Each structure stands twice: as C-alpha cells, then as structure tokens.
A.B. asks: 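Structure in structure tokens, see below.
Keep in mind the model is a prediction, meaning the values are calculated, not measured. As a basis for the values below, the full set of heavy atoms in this structure was taken, side chains included, without hydrogen atoms, waters or symmetry mates.
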Amino acid sequence: AGTMGPVTYTPAAGAVKAKLDFTIASTVAAGVGAGEYATITLILSGVNPAASAFTITSFTPVDLSFASISTLTPNLGLTVN
C-alpha cells in the first residue's frame, strides 16, 4: 500500500518551465516492489507536446531508514490521446 505526499505545481513563467513536485511513500514495512507508481494526466487544449518537453529533475528512492536505493530508476513515457 502507498500514500501520496504533498503535491506542488509551479506554473511556467517566462523562460522558466512549469514544475510538478510530489512524493510517493509505502505505508508498509516491506516497502514497494517493482512496477508503475505514478500516472500524471494533463488535460491540454490545442497543445501537442513532445516527450522532450518533460524531464525528471529529481528522483530520490530511499528505504525506511532513508538509505539510498540505487537499484530503483525512474522512467518517463508520454502517451498523447
């Protein structure tokens, strides 16, 4: 089981891109396994962004003792419907 931490959205301003920050945490001592953990849905009108418009700038997986878990890596995909 998991829980979602605070979510912060900062809109784009001038040359600075928009930013979305969020935290996902396990609520059980066993932690999390492999798999998909976050799907973000954007509702855009008249815009068809390329995958290159999105980046992951910070990804910090840790265990229950806050020790780094180097074997977990982020993956970013884009589906336009």
A.B. asks: How close do L72 and F59 get, heavy atom to heavy atom, and via which atoms?
C.D. replies: O-CE2, 3.4 Å

A.B. asks: Does the pair D21 and V7 meet the rule for a side chain to side chain contact (heavy atoms under 4.5 Å, CB included), with working shown?
C.D. replies: CA-CA 6 Å; D21 292 309; V7 176; over 6 Å; no

A.B. asks: Are T60 and S68 packed together at the side-chain level, in the sense that at least one heavy-atom pair is separated by less than 4.5 angstrom?
C.D. replies: no

A.B. asks: Is it true that V16 and L20 fall in one hydrophobic cluster, defined by side-chain heavy atoms closer than 4.5 Å?
C.D. replies: no

A.B. asks: Just how far is it from atom CG of L78 to atom CZ of F54, taken to the nearest 0.5 Å?
C.D. replies: 5.5 Å

A.B. asks: State whether the number of non-hydrogen atoms from other residues, nucleotides or ligands found under 6.0 Å of F66 atom CZ is greater than 12.
C.D. replies: no

A.B. asks: Taking the side chain as everything from C-beta on, heavy atoms only, tell me whether I40 gets closer than 4.5 Å to F22.
C.D. replies: yes

A.B. asks: Report whether I69 and I24 are members of the same hydrophobic cluster (ILVMFWY, side-chain heavy atoms less than 4.5 Å apart, transitive linking).
C.D. replies: yes

A.B. asks: Is the shortest side-chain heavy-atom distance between P49 and V47 below 4.5 Å?
C.D. replies: yes

A.B. asks: What distance do N75 atom CG and I56 atom CD1 have between them, rounded to the nearest 0.5 Å?
C.D. replies: 7.0 Å

